Number of protein chains: 2
Amino acid sequence: MSSTRRAETFPASTPAAAQIFTTVLSHGPLTRLEVARRAGLSPAAVTKAVRPLIEAGYLVEEADEPARPALGRPANQVRVDGGRALFIGVKATGDEIIGVLTDLCCRIHVARHTPLPDREPKAVLASVAELVGELLGEAGDLGVPVLGLGIAVSGDVDRGAGVVRYSPFLEWRDVPLAELAATTTGLPVAVDNDVRALTVAEQWFGAGVGLSDFAVVTVGAGIGCGLVVHGRVVAGAHGVAGEIGHVTVDPAGPPCHCGNRGCVEAIAGDAAIVRRIRETTGLEVAGTAEAVALAHQGNAGAREAYARAGDAIGRGIATVANLLGPERVIISGEGLAAHDPFAEQIRDAFAAAAFGSADRCDVQTRPLPFEEWARGAAATAIQSFIRADDQR
Amino acid sequence: MSSTRRAETFPASTPAAAQIFTTVLSHGPLTRLEVARRAGLSPAAVTKAVRPLIEAGYLVEEADEPARPALGRPANQVRVDGGRALFIGVKATGDEIIGVLTDLCCRIHVARHTPLPDREPKAVLASVAELVGELLGEAGDLGVPVLGLGIAVSGDVDRGAGVVRYSPFLEWRDVPLAELAATTTGLPVAVDNDVRALTVAEQWFGAGVGLSDFAVVTVGAGIGCGLVVHGRVVAGAHGVAGEIGHVTVDPAGPPCHCGNRGCVEAIAGDAAIVRRIRETTGLEVAGTAEAVALAHQGNAGAREAYARAGDAIGRGIATVANLLGPERVIISGEGLAAHDPFAEQIRDAFAAAAFGSADRCDVQTRPLPFEEWARGAAATAIQSFIRADDQR
DNA sequence: TTCTTTTATTGACGGCGGAAAATAATGGCC
DNA sequence: GGCCATTATTTTCCGCCGTCAATAAAAGAA
C-alpha cells in the first residue's frame, strides 16, 4: 500500500516560521501585520516566512476580506488550509479504542471506535492498525494525504522517546509504541499521555488559545489534569505530572487505590460517587448513568454524593490555582454538560479555597465528548508534524 | 555621589552569549568544549562569545588546569571572575531590613541588618537607602563597582514592572519600588517576590543548578514555595504562584487567616506550632525558640506539634510533586538544620502521600540563614544584569 | 623528531531577521 | 478623473550570528 512513500515534511525550517504558522493556526485568519505583531517579528519576516507555506499549500490567502480598514490598502488575511492535510488521532482505553480523522485545523471529519478484546500490546496494535486502516480509507476517498498519527494513552508516557513507560489500564510497561505503530501503519507517529494530548488540543484549538498559563481538568472515571506553564505543556522531570486525582482533599476521607485516603479521585471519581450513593442510600446503583439519573431526580443521597465530589474537585483546582496561578482552568468531563449542580459546586469550592487567585482565575466548564480524547491525540500528531514544541 | 555615572552594561548581546555565561556561572570552571556541549552550540561559537566576556573581565582563564586529559592538548578552563563586580541584595520584612553585598558569583561578602521603624514606603525606602549606602561604602573600600541592587519583598510583586502590587506584611499596594529605589540609590534595581528570589539563587548558585524542574519550600513564619518549570521560575499569569502555605491539608483543621481551615500554614507556620503547643500542654510558650527547645527536651506536646507540622508540610510537598513532577524539592527553613525529627517527619509524610513520584523526586533539606533571603535578592539583581531570563 | 590526539581558533559562508524604501491598493477630496 | 493620505505588503540591502572546515596549539608517545 504505502510502500516507499517518503513522509512529507513541513516547510518551516526556523523556529520563527513554525511560530508564525502556529499563530495563524490558533488565531484564525490574520493579516500579515497582525501575525507580525503577535509573533513579535517584523512584517518583512512574516512575508518571507508565509510565502513558502502558501506555496506548499499549508496557508491560503483568505478570499474575502471582511475586516477592511476605513482607510488605506485593504489587508489580505491568511489562514491555514485545513483541507491540505489529514491526521489520525487514536485514544486507547482499557476496553476500547477511539479513532478520529481530523484535518490540519484539528476539525473532526470521521470518528470510529471499536472494542478492545485484549490488552496485550500486540493485540492493541493490531486493533489500532485496523482502525487506522479504515480511517486511511476514508482519507483516500477524500483524496487528501494523512501526514501523521497520534496515539494517546493514560499513564506514564515518554513523549520524546515514544514509549509507554507504565499504563495501569493497559497493564503495559516500557512499550515502544511509536516505533511499533510506525512500522505497522507506515505513518509518522506521536505518542503522548492522554490528558496532555487533550491539553495540547485546548492550547492550540480550544479554550487555551492565546494563554501561556492554564490548566485542563478532566472529570470521569479518573480525575486528570494537564498543565500549561510558560506556554508549554508540563511533563515533569520524569514524565509524570498533573496527578490532581491523588491530591489529598480530606485525610480522613475514603481510601484510594493509591494507598492514601481522601484523594480527589477517591471522592469524585465515577466509582467513588457510585459507591457513596450505595452507602448512603442503600440503593443498588449499577453505574454512573444511573447515579446521574438519581441526582437529576432529586435523590438526596445522590445529590449529596455529587456535592461532595464537586467540593473535592473544586478544592483540587484551588490547589492548582494557588500553586501555579493559571489564567484559566478548563474543567471538562462527560457528565458535566448535563449536570449543572455539580459544576456549580465545583465553582463554589474553588472560590472558597483559592487563596488570592479566585477572582483572577477564570473557571470554564465544557463537555468532553468521547472523541475529544482522540482529537487530542490528533493534535499531538499535528504539533509533532509542525515540530514546534513551544508557542504562546 | 553617583552623579551621572553611566550604568555599566553586560557585553552579551545575544541570548546565546548570555546562556554561555550563565552556564559557566552555574557549572563552575569549564573548558570551552564542555560549555559548547552543555549549551548545545559549536565550539567556535563559544570561543567567539567568550572572548569579549574575557576582555570585559567577567570571565577569566583558570590558571591551573587540574582536569587535563591523558592525551592531546590540555584544556583551558574558563570561570566567572566573581571579583569583577559586586551586587547588593536587600530583603524587607515587616520589621527588619536585611542587606548583603555579594560578588558576581553571589558569594556574600558583607551582611547587615537594621530594624524597620515604620512600614510606610517612604520610611522603608530611606532605611533601604541607608543600608545600601553602607554597603556601597564597603564596596568602595574593595574598589569594585556595584552593578545592581535587588530587593525582595513578600507578597504579590510584578517583577517586570518593578512594582509591589500587594504586600500584606508591609501593608503596601502598588508601590513602584524599582523606580523609587533606582532614583534614591542611583543603581539599576530589580524587584521580586522573596521566595522567587530565593528560588533564583538556588537555580543559579544552589541545589537547583542544572535542573529544569524543581521546587523550593521555605518553612518559617509562613510557608512559601518557589517553582521552576521548564527551566524558568513560575510567576503565574497574575504574579501570584507557589502559595503552598494555603494548600488545604485537613479541611477539619485549625482556621487560617486566609479564611479557610487546615491550610499548611495554619498547621506548620511558626505561630500555629506555638499555639498548638500551648493548647495541648497548657504551657505559656513565648515563641518559636522556646517551642524548638521544648521539642528538643522531649516534651511530648511540642514533639506532637512538630510532628503534625512536618506531616502537613510533607503532604503539601507531595501535592507539588504530584502536580509538577519536579526532579528535586529543596526544603529550607531557619529551624531545619537544628531540628532533624521535623525533617524526617516531612520526608515520611511526603513518601506516603506522593503518588508515583516519591522515589523519583529527591527531597533535600538545607538551612536557611537569614542572609539567604537577601542573597536571593542579589541573585535577581545578577540575573537582571545579565539579562538572561531563562536557562537550564 | 615526528606522529597522534584532543582542544581552541580562524576565516569563509549561508541564512535569518531587521530597517528602510519602494510598491500596492484603496477612499476621499477637489 | 487626478491627486493625496493612509495603510498593507514586498523588496532590497545589510549586519550579525553561528556552523563548517581547515588550521593552529599543546601536549604525550613512538
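A, B, ... follow the sequence lines: proteins, then strands. Residue 1 opens every chain. Note that the structure is predicted; figures quoted are calculated from it, not measured.
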Could you state the [atom1]-[atom2] distance from [X] to [N], rounded to the nearest angstrom?
{"X": "Arg32(B)", "N": "dT10(C)", "atom1": "CZ", "atom2": "P", "value": "10 Å"}
{"X": "Arg37(B)", "N": "dT6(C)", "atom1": "CZ", "atom2": "P", "value": "12 Å"}
{"X": "Leu33(A)", "N": "dT7(D)", "atom1": "CG", "atom2": "P", "value": "11 Å"}

Checklist entry - In terms of side-chain geometry, is the basic nitrogen of Glu61(A) or Arg32(A) positioned less than 4.0 Å from the acidic oxygen of its partner? => result yes
Nucleotide N/O of nucleotides 13-19 of chain C paired with protein N/O under 3.5 Å:
| from | atom 1 | to | atom 2 | distance (Å) |
| --- | --- | --- | --- | --- |
| dG18(C) | OP2 | Ser42(A) | N | 3.0 |
| dG18(C) | OP2 | Ser42(A) | OG | 2.8 |
| dG18(C) | O6 | Lys48(A) | NZ | 2.5 |

Item to check | Rounded (10°) bend between the five-pair end axes of the helix from dT1(C)-dA30(D) to dC30(C)-dG1(D) | outcome: 30°
Next on the checklist: Quick check for you: to the nearest 0.5 Å, what is the distance between Leu53(B) atom CG and Tyr58(B) atom OH?
Outcome noted: 9.0 Å
With [X], which residues qualify under side chain to side chain donor-acceptor pair (under 3.5 Å), at least two apart?
{"X": "Glu179(B)", "result": "none"}
{"X": "Asp192(A)", "result": "Arg196(A)"}
{"X": "Asp158(B)", "result": "Arg165(B)"}
{"X": "Arg51(A)", "result": "none"}

Checklist entry - Would you say the side chain of Arg73(B) and the base of dA27(D) hold a donor-acceptor pair, judged only by whether the two atoms sit under 3.5 Å apart? => result no
Checklist entry - Who passes side chain to side chain contact (heavy atoms under 4.5 Å, CB included) against Val80(A), sequence neighbours left out? => result Phe21(A), Val24(A), Leu25(A), Leu59(A), Leu104(A), Cys105(A)
Item to check | Partners passing side chain to side chain contact (heavy atoms under 4.5 Å, CB included) against Ala381(A) (at least two apart in sequence or in another chain) | outcome: Phe87(A)
Checklist entry - Can you name the salt bridge (Lys or Arg N to Asp or Glu O under 4.0 Å) partners of Asp81(A), sequence neighbours left out? => result none
Checklist entry - Which residue pairs satisfy the salt bridge (charged side-chain N to carboxylate O under 4.0 Å, His left out) criterion with at least one member in residues 14-28 of chain B, sequence neighbours excluded? => result none
Kindly list each side-chain donor-acceptor pair under 3.5 angstrom involving residues 40-47 of chain A, sequence neighbours excluded, with atom names and distances?
| from | atom 1 | to | atom 2 | distance (Å) |
| --- | --- | --- | --- | --- |
| Ser42(A) | OG | Ala45(A) | N | 3.2 |
| Thr47(A) | OG1 | Pro43(A) | O | 3.4 |

Item to check | Residues from residues 51-60 of chain B lying under 4.0 Å of DNA chain D - heavy atoms | outcome: none
Checklist entry - Nearest of dA8(D), dT10(D), dA26(D) to any side-chain atom of Pro74(B)? => result dA26(D)
